[in-house]
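Quick caveat: nothing in here was measured; it's all calculated off a predicted structure. All chains are named by letter (A, B, ...) in the order of the sequence lines, taking the proteins before the strands, and each is independently numbered beginning at 1.
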Number of protein chains: 4
Amino acid sequence: MINFHVDRSSSVPAYAQLVRQVREALRIGTLRPGDQLPTVRSVVTSCTVNPTTVLKAYRELELSGLVEARQGAGTFVSGTLGHADPHVMARLRGSLARWLGQAREAGLEDEDVQALLASVIGENAALRNKEGAA
Amino acid sequence: MINFHVDRSSSVPAYAQLVRQVREALRIGTLRPGDQLPTVRSVVTSCTVNPTTVLKAYRELELSGLVEARQGAGTFVSGTLGHADPHVMARLRGSLARWLGQAREAGLEDEDVQALLASVIGENAALRNKEGAA
Amino acid sequence: MINFHVDRSSSVPAYAQLVRQVREALRIGTLRPGDQLPTVRSVVTSCTVNPTTVLKAYRELELSGLVEARQGAGTFVSGTLGHADPHVMARLRGSLARWLGQAREAGLEDEDVQALLASVIGENAALRNKEGAA
Amino acid sequence: MINFHVDRSSSVPAYAQLVRQVREALRIGTLRPGDQLPTVRSVVTSCTVNPTTVLKAYRELELSGLVEARQGAGTFVSGTLGHADPHVMARLRGSLARWLGQAREAGLEDEDVQALLASVIGENAALRNKEGAA
DNA sequence: GTGGTCTAGACCACG
DNA sequence: GTGGTCTAGACCACG
């Protein structure tokens with residue numbers, strides 16, 4: 001079962017952090033259709049947030065068709081995100097982990113690594129736009 | 001000069017997006033001490049945000065010692081973030097770009113890629129915590 | 001609870017006056033960790049300022065670690081300033097009050113008294129600098 | 001001749017800092033009618049401010065009748081503030097300096113001392129208001 | 001022309 | 001009800 005964590009000092013709203021964590025888990029396959037999400041009550045105690053915050057996150061996930069609340073039973077994953085082959089995913093994950101190891105050895109911090117990926121993705125998008133226009 | 005963009009549909013507040021973009025540019029070396037940030041008014045027109053939103057972002061950067069506002073003159077980078085050797089940074093960027101190429105070929109979307117990195121970073125941190133405790 | 005007052009004719013910005021009053025209250029022990037600050041809305045009505053002005057003050061105090069805003073709950077003192085023994089503080093306060101009485105009898109106004117203290121502090125600092133250099 | 005200093009990190013505008021310093025010097029007798037203020041040019045270089053900032057301060061002092069600009073000659077003190085006997089003033093200054101010595105020994109910082117005076121003055125004012133009303 | 005303060009007021013996040 | 005973000009826009013401080 002997914003293990004939520006909420007960073008109160010972040011400028012991202014708490015409910016959005018929960019939504020993002022579910023989406024990420026769906027992307028990397030940690031969460032699959034049929035899996036149960038933590039109960040609202042358990043998130044309230046583990047993350048010290050208000051029930052309405054959790055409800056807002058779950059409602060947003062439900063509206064995008066990713067989860068389904070079953071009265072009295074709990075909230076369950078009902079959709080998927082990303083469709084890559086799990087084996088390919090595992091391979092890519094491995095090579096990315098190796099890359100991260102090198103980055104760490106070179107002294108890069110988490111924020112450096114994230115900035116680098118953001119930059120490479122952005123550059124990539126710019127390139128494709130150009131090609132698309134050409 | 002850095003080129004801001006604000007995604008209004010994001011749950012990340014506009015001012016926080018600006019802050020993050022400056023921090024990322026400092027991380028990857030696109031922005032260096034002495035460089036001028038866009039004037040408040042230019043960001044207002046280019047990103048169609050309110051002056052106070054830009055000022056809030058610039059003020060937060062100033063309080064963390066990264067930029068310096070000189071009244072009547074502009075806002076200038078005055079600090080650094082991340083201290084990796086630019087050559088090493090360039091090499092790592094290159095290998096990450098190649099990895100991204102493979103990921104794209106395998107059908108991964110931006111959100112997949114970001115989720116993967118977040119997951120690998122998290123796993124890595126957990127490992128190091130364990131080692132630290134041992 | 002601290003009672004703010006804002007002097008609109010002062011050249012000190014309203015938000016800075018609020019910040020200063022909190023800092024002074026922390027110094028003299030009127031405000032202690034755990035105490036709640038007035039709600040943003042109550043300051044708005046009592047001092048007839050704008051919510052953003054109060055928020056700016058509270059945010060600055062929060063960034064310097066002196067208070068903590070809990071959304072939906074209020075803003076609370078979370079830090080301290082000055083560490084003098086309350087008893088010593090009370091004694092010094094008493095002798096200063098007596099001194100002020102004499103000053104008033106001699107016809108000194110508030111501004112005279114403040115100027116005198118500023119001057120004595122400055123002289124004192126100059127002396128210590130000299131000693132430090134010697 | 002008065003020696004200006006401008007704290008750029010203060011929230012008090014630069015021009016207001018200059019005005020305040022002249023007023024304080026008049027209060028404590030450091031500056032007397034007939035004394036010359038520094039030339040605009042010299043303040044510009046010593047405090048690295050813009051000529052217009054100095055001019056604004058001098059103009060404000062002139063409007064309140066405290067100084068007089070003589071074309072081609074300079075700016076001169078033409079008024080007074082506070083009317084205490086210099087000998088009394090010197091005596092009060094001495095006792096305040098002794099009090100400050102005790103405060104310093106007790107570990108109080110500048111900000112503590114200023115907060116204490118502000119508090120004692122405020123209390124005093126409250127008392128007099130009550131008496132006035134009675 | 002550049003940054004900074006502030007108002008009046010809408011609307012959101014959270015408890 | 002509490003803090004937080006944001007807009008539209010006036011006006012000030014400074015170079």
Side-chain angles (χ1 to χ4, degrees), chain A residues 6 8 10-18 44 47-57 60, chain B residues 6 8 10-18 36-44 47-62 67-76, chain C residues 6 8 10-18 36-44 47-62 67-76, chain D residues 6 8 10-18 44 47-57 60:
Chain A
V6 169
R8 311 310 300 258
S10 164
S11 47
V12 181
Y15 84 92
Q17 293 184 38
L18 298 179
V44 165
C47 298
T48 51
V49 292
N50 198 279
T52 59
T53 302
V54 187
L55 281 165
K56 176 160 190 180
E60 190 163 314
Chain B
V6 170
R8 312 314 299 265
S10 164
S11 52
V12 181
Y15 86 92
Q17 294 184 38
L18 298 179
Q36 184 173 3
L37 293 189
T39 67
V40 173
R41 278 159 180 73
S42 76
V43 181
V44 165
C47 298
T48 50
V49 291
N50 197 276
T52 59
T53 301
V54 186
L55 277 162
K56 178 162 193 180
Y58 281 13
R59 186 177 182 73
E60 188 160 318
L61 288 164
E62 190 166 17
V67 310
E68 214 175 83
R70 299 187 209 135
Q71 195 142 320
T75 304
F76 299 83
Chain C
V6 170
R8 313 313 301 264
S10 163
S11 51
V12 181
Y15 85 92
Q17 293 183 37
L18 299 179
Q36 183 173 6
L37 293 189
T39 66
V40 172
R41 280 159 179 74
S42 76
V43 181
V44 165
C47 298
T48 51
V49 292
N50 196 276
T52 59
T53 301
V54 186
L55 277 161
K56 179 163 191 178
Y58 281 13
R59 186 178 181 73
E60 188 161 316
L61 288 164
E62 189 167 18
V67 310
E68 214 175 83
R70 299 187 208 135
Q71 196 143 317
T75 305
F76 299 83
Chain D
V6 171
R8 310 311 299 260
S10 163
S11 49
V12 181
Y15 84 95
Q17 293 183 39
L18 299 179
V44 165
C47 297
T48 51
V49 292
N50 199 277
T52 59
T53 302
V54 187
L55 281 165
K56 176 160 192 182
E60 190 162 314

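Looking at B/Arg41, its side chain comes within 3.5 Å of the base of E/dG3 through a donor and an acceptor atom.
Among the nucleotides E/dA13, E/dT7, E/dG4, the one closest to the side chain of C/Gln71 is E/dA13.
Here OG1 of D/Thr53 is found 8.0 Å from CG of D/Leu18. Values are rounded to the nearest 0.5 Å. A distance of 7.0 Å separates CG in B/Leu37 from CG in B/Leu61, rounded to the nearest 0.5 Å.
Here D/Glu60 pairs with nothing under the salt bridge (Lys or Arg N to Asp or Glu O under 4.0 Å) rule; sequence neighbours left out.
The two atoms that bring D/Ser10 and D/Gln17 nearest to each other are CB-NE2, 3.6 Å, heavy atoms only. The minimum heavy-atom distance between A/Ala16 and A/Val12, with the atom names listed, is CB-CG1, 3.8 Å. Closest approach of C/Tyr15 to D/Ser11, counting heavy atoms only: OH-CB, 3.8 Å. Scanning both residues, B/Glu62 and B/Ala69, for their nearest heavy atoms gives OE2-N, 3.2 Å.
Distances shown here put a side-chain N or O of B/Tyr15 below 4.0 Å from the OP1 or OP2 atom of F/dT5. OP1 or OP2 of E/dT7 lies within a sub-4.0 Å distance of a side-chain N or O belonging to C/Arg8.
Ranked by how close their nearest DNA chain E nucleotide is to the 5' end, C/Pro13 and B/Thr75 are led by B/Thr75. Annotation: of the two residues near DNA chain F, B/Gly72 and C/Arg70, the 5′-most nearest-nucleotide partner is C/Arg70. The nearest heavy atom of DNA chain F to D/Val12 and to B/Val49 marks one nucleotide each, and the one closer to the 5' end goes with B/Val49.
Atom CD of C/Glu60 is separated from atom P of E/dC6 by 11 Å (rounded to the nearest Å). One can place CZ of C/Arg59 at 10 Å from C1' of F/dT5, the figure rounded to the nearest angstrom. Look at CD on B/Glu68: it is 13 Å from P on F/dG15, rounded to the nearest Å. Atom P of nucleotide F/dG3 and atom CG of C/Leu18 are separated by 13 Å, given to the nearest angstrom.
Of the residues in residues 50-57 of chain A, not one comes within less than 4.0 Å of DNA chain F through any heavy atom.
Among C/Val54, C/Thr52, C/Asn50, the one residue that satisfies the side-chain contact (heavy atoms from CB on, under 4.5 Å) test with C/Val40 is C/Val54.
Between D/Val49 and D/Arg8, the closest side-chain pair of non-hydrogen atoms falls below 4.5 Å.
Paired regions of DNA chain E, where each region holds three or more successive Watson-Crick or G-U pairs whose two hydrogen-bonding distances fall under 3.5 Å, are E:1-14 with F:1-14.
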